[in-house]
Amino acid sequence: MDEGQQETAARFALGEMSSEEEAQFRATLESDPELLTFTRELTESFASLGLLVAPRAAPRSLPDTIVESVQLRPKVVPFVRVIPWAVAACLAVTCALLAIGLVRSHRESAALENKNAGVTRKLEDLRNKNNETAKELGELRDENNETKRELADLHDKNSALQNELEKLRVKDALSQIKIAILQARVADYAHAVATVVWNPETQSGVIQIDNFPTLKPGKDYQLWIIDPKAAQPISAGLVRVPGPGTLKVEFRPVRPVETAAKFAVSIENAGGSPVPRGEIVLIGQ
Amino acid sequence: MDDPESQINAKLVKQIAQGDQRAFAILYQRIAPALYGMAFSLMRDAREAEDVLQEGFTYIWRKASTFDPALSNVFAWAVLIVRHKAIDKLRARRRAERLWDKVSREVETAASIDERSAHEPALRELSARVRSALDQISPDQRQALQLAFFSGMTHEEVADHLRIPLGTAKARIRRGLIQLRQLLYEER
């Protein structure tokens, strides 16, 4: 048996345990004979201290007094003599019941008052909470409105930035647009003027021509774009001139152009050629 | 201690549980002097000691059926009942504080009192053994144990009185009791 068990047994013997602890310990004792014996010996040792004082002659009549006071001995009493006592007893019982009822009523009343006070307190708490919540809600609404305003500002700023960006894009696109004026390579075209506007982003352009001689049947003017990275000039299509005057023709090369270094116009057989074979009449950059 | 005396007492309690008044009177004769002496030493008043004795034996008469021989012998059971009644009375009257001096004097002098054969022979022998065993316990533990038994003081009051921490007071009382048991049961 360990020291802890001995201490617990001593607490039991000394009456130091609460009723709960005592009940638990009694249950333990039932399954531990060694601990039970030890506890019994401790209890008897503690009680034996009572023998340290001198004994005294106890009153002899006490057992009879005790037995008489504890045991109820029924006696036969004439019925008539019982009536006044019965009435008195009934009255006493009635008074007692009324008193108990009164006390109970007071207690219940007090309990209800306490309950009412509790409910009132709770209600007050709820009201306070409600006020706080309403206040918080108002604050949240203000915050929400502020956020909305900030969001609208951001939208405006975003739109302004988009516009700015668009303008920059346009500016950028314009900055990339190439304008080339073609010069005559042969005397017959000394008075001819050709201006090319090329947009590399859209891979398209416009050629404006003036004073181009009308070609013989079976021949066509063909526009070329000279890209240093391409092995051959790239065809940009035919330019059909119906007669004297100014003519604007939109064109688009047959394949992508990386760098439009020069533009040239040649005379090719009707319908054009994949590569320049005829005479180059104008060229420029 | 399952000696013949204890066995007789146990039989008497069994009969009392069945309402045997004669058995009650015999048990009273056998153990009442010791219990009355103890009650008197606690109460220091013959009338009050008699009240305590009456309350104790009323309990025994009514609750004899609750006696558990596995937990103690009849004498120990009765001693603890009467002591409990006395302490209840003492505490109710708030007399514990001034009583302890008287008690300690009583305990000191009890050793020199001739018991004039008022105890049953078995109890007389046990009384001598208890006194001898107590002499072998350390003075601190003996003092704490006697105060706990006779003064009606709570452990806190014992600690206050001895001017020691509560834990120390409890430890002295418990270890003193464990020591007493060892001397009474293991070193016979």
Side-chain angles (χ1 to χ4, degrees), chain A residues 1-19 22-23 25-73, chain B residues 1 19 21 24-25 28 32-38 40-41 49-50 53-54 57-58 61-62 70-73 75-80 82-84 106-107 110-111 113-116 118-119 123 126-127 129-131 133-134 145-146 148-150 155 170 173-175 177-178 180-181 184-185:
Chain A
M1 188 184 314
D2 61 32
E3 216 169 280
Q5 282 178 308
Q6 290 186 5
E7 286 270 318
T8 310
R11 290 185 58 229
F12 176 82
L14 288 163
E16 292 177 9
M17 286 182 170
S18 66
S19 50
E22 197 178 307
F25 186 70
R26 279 175 187 270
T28 310
L29 290 179
E30 280 175 17
S31 59
D32 190 340
E34 189 192 359
L35 184 62
L36 176 64
T37 304
F38 184 81
T39 306
R40 179 192 158 113
E41 289 171 359
L42 278 180
T43 306
E44 289 177 358
S45 298
F46 187 55
S48 71
L49 291 171
L51 291 168
L52 289 176
V53 294
R56 289 176 72 89
R60 291 189 177 197
S61 59
L62 210 54
D64 291 337
T65 311
I66 290 168
V67 173
E68 273 175 25
S69 66
V70 171
Q71 283 182 334
L72 292 172
R73 292 180 180 170
Chain B
M1 294 179 191
Q21 290 181 39
F24 185 53
Y28 182 84
L35 299 181
Y36 188 39
M38 183 187 72
F40 181 77
S41 77
E50 199 177 315
L53 191 68
Q54 182 168 348
F57 270 94
T58 303
W61 173 245
R62 282 179 165 162
L71 288 175
S72 72
N73 59 33
F75 179 70
W77 180 59
V79 163
L80 295 179
V82 172
R83 177 179 170 271
H84 189 69
E106 171 71 18
V107 171
I113 289 175
D114 179 5
E115 292 167 16
R116 286 162 293 177
H119 275 322
L123 293 183
L126 177 59
S127 170
R129 279 177 44 220
V130 171
R131 197 161 289 128
L134 266 182
L145 193 56
Q146 286 180 341
F149 189 90
F150 285 106
H155 287 356
K170 284 181 177 177
I173 294 165
R174 289 174 196 163
R175 284 170 199 164
L177 177 60
I178 291 169
L180 178 64
R181 178 216 149 259
L184 287 176
Y185 287 86

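Within every chain, numbering begins at 1; the chains are lettered A, B, ... in the order of the sequence lines, protein sequences first and strands thereafter. Since we're looking at a predicted model, the values are computed, not measured.
Exactly one residue among B:Val79, B:Leu180, B:Leu177 makes a side-chain contact (heavy atoms from CB on, under 4.5 Å) with A:Leu49. That residue is B:Leu180.
A:Glu16 and B:Lys170 are not joined by a salt bridge, as no carboxylate oxygen comes within less than 4.0 angstrom of a charged side-chain nitrogen.
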> Stepwise, does the side-chain contact (heavy atoms from CB on, under 4.5 Å) test hold for A:Thr43 with B:Leu71?
Replying inline: CA-CA 8 Å; A:Thr43 306; B:Leu71 288 175; over 6 Å; no
>> For A:Val70 and B:Arg62: C-alpha separation, side-chain torsions, deciding distance, then whether side-chain contact (heavy atoms from CB on, under 4.5 Å) applies.
In response: CA-CA 8 Å; A:Val70 171; B:Arg62 282 179 165 162; 3.8 Å; yes
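Side-chain contact between B:Phe75 and A:Leu51 is present, with heavy atoms from C-beta onward closer than 4.5 Å. A:Leu52 is not listed as a side-chain neighbour of B:Met38, based on a closest heavy-atom distance of 4.5 Å or more. A:Ile66 places none of its side-chain heavy atoms less than 4.5 Å from the side chain of B:Tyr28. With a 4.5 Å cut-off on side-chain heavy atoms, A:Leu14 and B:Arg174 count as touching.
The distance from atom CZ of A:Arg56 to atom CZ of B:Phe40, rounded to the nearest 0.5 Å, is 4.0 Å. Separation of atoms OG (A:Ser48) and CZ (B:Arg181) is listed at 12.5 Å; rounding is to 0.5 Å. To the nearest 0.5 Å, atoms OH (B:Tyr185) and CG (A:Leu42) are separated by 9.0 Å. The distance from the CZ atom of A:Phe38 to the CD1 atom of B:Ile178 is 5.0 Å, given to the nearest 0.5 Å.
Heavy atoms closer than 4.5 Å to chain A are found in both the backbone and the side chain of B:Phe149. Heavy atoms of A:Thr37 lying under 4.5 Å from chain B are absent altogether. Contact annotation for B:Leu134: only side-chain heavy atoms (C-beta onward) come within less than 4.5 Å of a heavy atom of chain A. Neither the backbone nor the side chain of B:His84 comes within contact range of chain A; no heavy atom of the residue lies under 4.5 Å from a heavy atom of that chain.
Counting heavy-atom pairs closer than 4.5 Å to chain A, the top-ranked of the candidates B:Leu145, B:Thr58, B:Ile173 is B:Thr58. Contact count against chain A (heavy-atom pairs under 4.5 Å) is highest for B:Ala70 among B:Ala70, B:Ala78, B:Gly19.
For a heavy-atom cut-off of 4.5 Å, chain B lies close to A:Gln6, A:Glu7, A:Ala10, A:Arg11, A:Phe12, A:Ala13 in residues 6-13 of chain A.
Residues B:Asn73 and A:Glu44 share a closest heavy-atom pair of N-OE2, 2.7 Å. The minimum heavy-atom distance linking A:Ala58 with B:Ala32 is given by the pair CB-CB, 3.7 Å.
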